[in-house]
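Here is the structure we will look at.
Residue numbering restarts at 1 for every chain, and letters A, B, ... go by the order of the sequence lines.
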Amino acid sequence: MSLESEIVEITLRALSISGLAALVAAGIGLPIGVVLGMYKFRGRDAVTGVFRALMSMPTVALGLLLYLAFSRAGPLGFLELLYTPLALIIGQAILVIPIMISITSETIVSVDPSIRELSRTLGADERAAAASVLRESLGGVVLALSASFSRAISELGVALMLGGNIQGLTRILTTSIALETTRGEIALGLGLTVILLVLMVVFNLMLNQAEKRVRWWLWE
Amino acid sequence: MGVIELRDVTVDFDSTKALDRINIRAEPGEMLSLIGPNGAGKTTALRVMAGLLEPTKGEIFYNNERLSGADLIKLRKRSTLVFQKPAVFSTSVFKNVAYGLRVRDVSESEIEKRVKDALKQVELYTLKERFARNLSGGEQRRLCLAMGIVTEPEILYLDEPTAYLDSESTQIVEAVLKELNKEKRTTIVISTHNIMQAENLTRRAILIQNGTVQRTGLTSEILRDQLETLVFDDTTRNIFSGSAEFTNGLHSGMRLASIKLNDDVSIDAITDRDGKVTVRIPPEDIVVSLGSVLSSARNTLKGRVSDISLEDAMALLTVDVGVNLVAQITRSSLENLRVALDDEVDVTFKASSVRVY
């Protein structure tokens with residue numbers, strides 16, 4: 001396989017693994033973030049605090065914990081996920097779920113309380129009023145998605161520990177950069193870094209455009 | 001037209017009593033004002049009446065039907081509260097106004113028509129595609145009014161409808177309210193600490209202080225009896241105590257009196273009252289000139305300019321004529337007059353401009 005096609009393959013793999021991880025995180029984290037942001041209940045501050053703390057979880061620490069869980073002797077060893085792309089998706093999703101939850105809930109909490117009141121006084125029932133608050137939170141939800149994807153695609157610890165950087169299977173951009181640098185292939189490492197940065201910038205620009213369209217559509 | 005009534009309503013916020021056993025009734029098609037200082041409980045009363053806040057104790061009646069808990073949505077479907085602080089959704093002006101109709105499942109063609117009418121009423125139709133949050137403060141307030149009236153509520157509540165508004169927006173808002181009340185017989189309840197607005201807009205008023213109703217009655221009577229204690233901010237100017245004496249004169253068939261404000265200053269006013277009175281001279285009714293001008297106005301006083309302050313497109317001149325009179329003129333008039341501090345000027349106003357309480 002030529003170097004160019006290998007780089008393309010690694011890039012596509014990184015995109016699909018981190019993209020899926022961010023989607024899984026959104027599927028789990030968004031509803032939890034909405035509940036934490038919308039409803040007051042006993043212990044909410046404690047739960048919010050835990051998720052905030054987990055946002056800064058060191059990737060190697062998470063990688064190690066998941067490695068122990070997925071290894072043959074571990075409690076989830078029977079799933080035989082270690083060193084597979086699925087393990088990477090699960091690991092990255094777990095890494096970014098707290099980001100998704102924290103940013104979503106914080107955004108909802110900080111929506112002007114008068115938006116809910118405004119909806120209610122204009123005749124909306126509680127459900128429609130809550131939907132108005134969610135619409136106003138769209139910017140924060142997009143930010144949470146952006147931060148989650150960016151964190152997933154740029155992390156190294158989980159990818160190395162759970163994926164093992166296996167060529168053609170679990171090698172992604174960050175593990176390749178680390179590998180090429182240790183091999184002394186600095187130019188190649190730098191090239192891969194540029195690809196990674198461009199991907200992140202392009203993804204966020206696309207997300208911004210999508211936000212405008214979605215915002216317009218939501219108010220139709 | 002709708003009738004709203006609060007009976008013995010109490011609202012507690014933690015340990016604070018925001019309202020204490022208040023009774024308020026707005027009759028069908030009337031314009032009622034809740035007057036009182038900031039923090040008196042006016043906004044809380046409006047929120048209860050609009051079905052946004054369930055009282056701790058007491059009863060709410062709407063068209064003589066008792067409502068509570070889940071029924072309050074009925075109240076919200078038939079009445080709307082326009083908040084003091086403008087709240088708008090982050091979308092276009094048009095879609096903001098359409099919101100109340102969409103939650104009522106009104107057809108798109110009807111929405112188009114009614115939104116257009118509402119925006120034209122508040123003079124915002126040309127801005128219908130603009131992002132609502134990019135409008136100026138005054139325009140946002142007018143937008144909120146359009147959002148409130150587009151659903152054609154039976155009762156419209158407004159919390160300090162013109163606070164911090166420029167004079168142009170104030171005039172538009174007041175005109176819309178008067179028209180709505182006259183043409184559609186919408187019951188309108190406003191809360192205001194601007195007693196002059198209460199006098200201008202409403203026949204009946206309820207004075208609220210410290211969460212309790214202090215007095216209910218004709219706005220003019222409340223102002224007559226308690227004007228000086230009802231001045232809650234410095235936007236109310238030119239209020240003086242004086243002594244009225246009948247002058248044997250008639251002005252346009254009305255009784256003319258001379259009112260002595262102090263040993264040096266007396267003014268003419270149309271009133272049938274004698275003895276101790278309180279007067280107000282609206283700043284916008286006072287003409288300022290350099291040197292005397294020939295006019296039909298009965299009051300011309302000489303004085304020196306003691307203060308000049310600028311507010312948006314307007315200027316406020318304080319003239320010491322023995323009492324400090326504030327005159328409101330446009331900035332361009334101020335520039336044309338070329339008047340400066342300590343200049344001697346004449347102030348002129350009609351006897352009919354003087355409000356006597």
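- In terms of heavy-atom pairs under 4.5 angstrom with chain A, the leader among B:K77, B:M147, B:K95 is B:K95.
- Interatomic distance, A:L118 CG to B:F89 CZ, rounded to the nearest 0.5 Å: 4.0 Å.
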task = Start with the C-alpha gap between B:R47 and A:T121, add the side-chain angles, then the distance that decides, and say whether side-chain contact (heavy atoms from CB on, under 4.5 Å) holds.
result = CA-CA 9 Å; B:R47 290 183 68 221; A:T121 197; over 6 Å; no
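- The environment of A:Y39 atom OH is sparse: at most 12 non-hydrogen atoms of other residues, nucleotides or ligands sit within 6.0 angstrom.
- In this structure, the portions of A:D125 lying under 4.5 Å from any heavy atom of chain B include both its backbone and its side chain.
- Of all heavy-atom pairs between A:R120 and B:L52, the closest is NH1-O, 3.3 Å.
- From A:S114, atom OG reaches atom CD of B:Q84 across 12.0 Å, with rounding to the nearest 0.5 Å.
- Side-chain contact annotation: A:R215 with B:S90, donor-acceptor N/O pair under 3.5 Å present.
- Among A:E136, A:E126, A:R135, the residue with the largest count of heavy-atom pairs under 4.5 Å with chain B is A:E136.
- B:I73 touches chain A through its side chain: at least one heavy atom from C-beta onward sits under 4.5 Å away, while N, CA, C and O do not.
- Counting heavy-atom neighbours within 6.0 Å of A:Y67 OH, excluding the residue itself, gives a total of 12 or less.
- Using a 4.5 Å cut-off between heavy atoms, B:V88 touches chain A through its backbone atoms (N, CA, C, O) alone.
- The part of B:K85 that comes within reach of chain A is its side chain, from C-beta onward, which places non-hydrogen atoms under 4.5 angstrom from that chain.
- By number of non-hydrogen pairs under 4.5 angstrom with chain A, the leading residue of B:N96, B:T80, B:T91, B:V103 is B:T91.
- No hydrogens or angles considered: a donor-acceptor pair under 3.5 Å links the side chains of B:Y99 and A:S132.
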